[in-house]
Amino acid sequence: MKLAVRFVVMLAAVVFLMSSGFAFAEAPFHIGIMTGTVSQQEDELRGAERMMEIYGNEAQGGIIKHVTYPDNFMQEMETTISQIVGMSDDPMMKAIIASTAVPGTTEAFRRVKERRPDIICLAGNSQEDPGVISSVADLTVNPNDIYRGYLLPVAAQKMGAKNFVHISFPRHMSYELLSRRRNIMEVVCKDIGVNFHFESSPDPVSDVGVAGAQQFILEKVPAWLEKYGKETAFFCTNDAQTEPLIRQIVNYGGYFVEPDYASPLMGYPGALGLDLTAEKGDFPAIVKKIEAVIIEKGASGRLGTWVYSHPYVVTAGLGELAKRVVEGKAELTIDDFIDACKGITPGIKVNGSPYVDMSTGVEKSNYIMVYQDTYVFGKGYLGMTEIEVPQKYLSIK
């Protein structure tokens, strides 16, 4: 009887360890992932957690080792560097991923390559210049805002818009990529018969602060709709202004193609008063919950997003790609990255292209820019990843 009880106890322990991600055999190699914290960048953290769910935590015999960069990364660059370089001390480490390549990542990768040239260095959402990060990273993946300059107005027209309002302020328009995207939008709108309008808003880092910038949007959207009509799509370059913009479009009319930071978590939870704690990391469930409220409020077909947050996709996609490359089953290409994304984000539609330096015309094959299909709540996917972006728009500065 005692033996039977002991066997049951041991069996229960085995079941518990298996369910908690415990691995009995040591992993053949390790992959390091550095993300932000929950307060700094929750979406990419969830991507790392997804990788650990699939392949196990290195501390428990799995493949994935996870570290975070400091919230105050601009002032703690050496901490970021040490976090990345420290992972190369592990003789089993075969790839290191910086989910957001915050300042210091290039230097960290350079030091890793000096010590361990065998380690694959991968970067996402780089905050360092393309020419800088691509000099050491084996592959960098950023959102394709150049293509979005064409795709956003086209998507707005597909949704029913006859006017496109771009909302921003001088600081953002001084950034080359944002200014270039805005200029592409204006030309595209003219070509496809959509009226383009630029509206200035207060900068949240100015004296009015975030609250003042948000209040401006709350007050202006009804007036803009009165001015341009209900068949107007709005796009803003600031994340803080996304929430009030969505709220007013739901309440008063108009269209919203997708956030600048394309994610269902950007603006929608606050605008709709949703608690998504139970759905954290489950983007199809998050979209379903948001969609139900939008339909209930009578705004079906007027607002969209990318289904999966871009930082989540980059983190999990690069994690899956790194594993396949180490195993000799893939290469560091756009096609293999997209295929890796399909494996860990079911149903996702991704497209992309290599980065081309505007000053030299040189294409960087190790720096790719990707985007997802636009999902319209209450309507479904628009098929934007199937549309070919005409070459003429890619040369607009």
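Since this is a predicted model, take the numbers as computed values, not measurements. What you see below is based on every heavy atom in this structure, not just the backbone, and it leaves out hydrogens, waters and symmetry mates.
- Ion pairing between a basic and an acidic side chain is recognised when a charged N comes within 4.0 Å of a carboxylate O; Arg116 and Asp89 show no such pairing.
- Results of the side chain to side chain donor-acceptor pair (under 3.5 Å) test with Glu258 over Thr305, Thr242, Thr374 single out Thr374 as the only residue that passes.
- A 6.0 Å sphere centred on NZ of Lys280 holds no more than 12 heavy atoms belonging to other residues, nucleotides or ligands.
- Side-chain contact between Met173 and Leu178 is present, with heavy atoms from C-beta onward closer than 4.5 Å.
- Between the CD atom of Glu279 and the OG1 atom of Thr277 there is a distance of 8.0 Å, given to the nearest 0.5 Å.
- Both Ile344 and Val370 are part of a single hydrophobic cluster, where members link through side-chain heavy atoms under 4.5 Å apart.
- Aromatic ring pairs are classed by plane angle as parallel below 30°, tilted from 30° to 60° and perpendicular above 60°; the pair Phe198 and His166 is parallel.
- Qualifying salt bridge (Lys or Arg N to Asp or Glu O under 4.0 Å) partners for Lys342, counting only residues two or more places apart in sequence or in other chains: none.
- Within a 6.0 Å radius of NZ in Lys379, other residues, nucleotides and ligands contribute more than 12 heavy atoms.
- Note on Glu226 versus Lys220: no salt bridge recorded, every NZ/NE/NH1/NH2 to OD/OE distance being 4.0 Å or above.
- Side-chain N or O atoms of Asp43 include none that pairs as donor or acceptor with a backbone N or O of Pro311 at under 3.5 Å.
- Looking only at side-chain heavy atoms (C-beta outward), Phe377 and Val293 stay at 4.5 Å or farther from each other.
- By the neighbour-count criterion of 12 heavy atoms within 6.0 Å, atom NZ of Lys289 is densely surrounded, having more than that number from other residues, nucleotides or ligands.
- With rounding to the nearest 0.5 Å, the separation of OG1 in Thr237 from OH in Tyr261 is 15.5 Å.
- Between atom CD1 of residue Ile249 and atom NZ of residue Lys230 there is a gap of 12.0 Å, rounded to the nearest 0.5 Å.
- Ionic pairing of Asp260 and Arg181 is present here: one or more N-O contacts between side-chain nitrogen and carboxylate oxygen are shorter than 4.0 angstrom.
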Exercise for review: I would like to know whether Phe256 and Phe234 meet ring-ring contact (aromatic ring centres under 6.0 Å, His included); could you show each step before the answer?
Suggested key: CA-CA 5 Å; Phe256 181 80; Phe234 295 88; 9.0 Å; no
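- Judged by the 6.0 Å distance and 45° axis criteria, Lys190 is not positioned over the aromatic ring of Phe196.
- Between the CG atom of Asn142 and the CG atom of Leu177 there is a distance of 8.5 Å, given to the nearest 0.5 Å.
- Between the side chains of Glu231 and Tyr255, no donor-acceptor pair is found at a separation under 3.5 Å.
- Defined by atom type and a distance below 3.5 Å, a donor-acceptor pair is missing between the side-chain atoms of His310 and Ser263.
- We find that Arg148 and Asp145 are joined by a salt bridge, their nearest charged nitrogen and carboxylate oxygen being less than 4.0 Å apart.
- Annotation: side chain of Thr385 is in contact with side chain of Tyr371 (closest heavy-atom distance under 4.5 Å).
- In this structure the side chain of Val67 reaches within 4.5 angstrom of the side chain of Met87, judged on heavy atoms.
- A donor-acceptor distance shorter than 3.5 angstrom exists from the side chain of Gln248 to the backbone of Leu218, with no hydrogens or angles considered.
- Looking only at distances, no side-chain donor or acceptor of Asp129 sits under 3.5 Å from a matching main-chain atom of Gly131.
- Between the Asn144 side chain and the Tyr147 main chain, a donor and an acceptor come within less than 3.5 Å of each other.
- Salt bridge annotation for Glu291-Lys288: absent, with no cationic side-chain nitrogen under 4.0 angstrom from a carboxylate oxygen.
- Side chain of Arg171 to main chain of Ser206: no donor-acceptor pair is present (N/O by atom type, distance under 3.5 Å, no hydrogens or angles).
- Glu363 places no side-chain N or O within 3.5 Å of a backbone atom of Tyr355 that could act as its donor or acceptor partner.
- Electrostatic pairing of Asp118 and Lys94 counts as a salt bridge here, judged by a charged N lying under 4.0 Å from a carboxylate O.
- Linking Ile, Leu, Val, Met, Phe, Trp and Tyr residues whenever their side-chain heavy atoms come within less than 4.5 Å leaves Val389 and Val356 in two separate clusters.
- Under the 3.5 Å distance criterion, with hydrogens and angles disregarded, no donor-acceptor pair is assigned to the side chains of Asn238 and Ser168.
- Checked against salt bridge (Lys or Arg N to Asp or Glu O under 4.0 Å), Arg110 has the following partners two or more places apart in sequence or in another chain: Glu107, Glu114.
- Two different hydrophobic clusters hold Phe169 and Val208 under the rule that ILVMFWY side chains link at heavy-atom gaps under 4.5 Å.
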Show which side-chain atoms of residues 332-340 pair as donor or acceptor with protein atoms under 3.5 Å away, not counting sequence neighbours.
residue : atom : partner : partner atom : Å
Thr333  : OG1  : Asp336  : N            : 3.1
Asp336  : OD2  : Glu331  : N            : 2.7
Asp339  : OD2  : Arg324  : NH1          : 2.8

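- Of the possible donor and acceptor atoms, none in the side chain of Ser179 sits under 3.5 Å from a partner among the backbone N and O of Tyr175.
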Exercise for review: For side-chain hydrogen bond (donor to acceptor under 3.5 Å, both in side chains), just list the numbers for Tyr55 and Glu320, CA-CA rounded to whole Å, side-chain angles, deciding distance to a tenth of an Å, and then say yes or no.
Suggested key: CA-CA 9 Å; Tyr55 299 117; Glu320 177 66 23; 2.5 Å; yes
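- Taking the six-membered ring where the residue is Trp, the centroids of Tyr228 and His197 are separated by under 6.0 Å.
- Within the 3.5 Å criterion, the main-chain N or O of Gly254 finds a donor-acceptor partner in the side chain of Arg302.
- Side chains of Met34 and Ile97 form no contact here, defined as non-hydrogen atoms less than 4.5 Å apart.
- For the pair Cys121/Lys113, a side-chain contact is recorded, criterion being any heavy-atom separation below 4.5 Å from C-beta on.
- For Thr100 (side chain) and Val102 (main-chain N/O), no donor-acceptor pair under 3.5 Å exists by modelled atom type.
- For the pair Arg247 (side chain) and Gly267 (backbone), a donor-acceptor distance under 3.5 Å is absent.
- Counting heavy atoms from C-beta on, the side chains of Phe283 and Tyr312 come closer than 4.5 Å.
- The cluster map of Ile, Leu, Val, Met, Phe, Trp and Tyr, joined by side-chain heavy atoms under 4.5 Å apart, puts Ile54 and Phe29 in the same cluster.
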Review point. Are Thr140 and Ile368 close enough, and set up right, to give a side-chain contact (heavy atoms from CB on, under 4.5 Å), and what steps lead you there?
Key: CA-CA 6 Å; Thr140 300; Ile368 63 176; over 6 Å; no
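- When side chains are defined from C-beta on, Glu186 counts as touching Arg182, because their heavy atoms get closer than 4.5 Å.
- Remark: Ile290 CD1 to Leu276 CG distance equals 5.5 Å, nearest 0.5 Å.
- Ile217 and Val205 are assigned to two separate hydrophobic clusters, defined by single-linkage of ILVMFWY side chains at heavy-atom distances under 4.5 Å.
- Residue Glu44 holds its CD atom at 9.0 Å from OG1 of Thr37, rounded to the nearest 0.5 Å.
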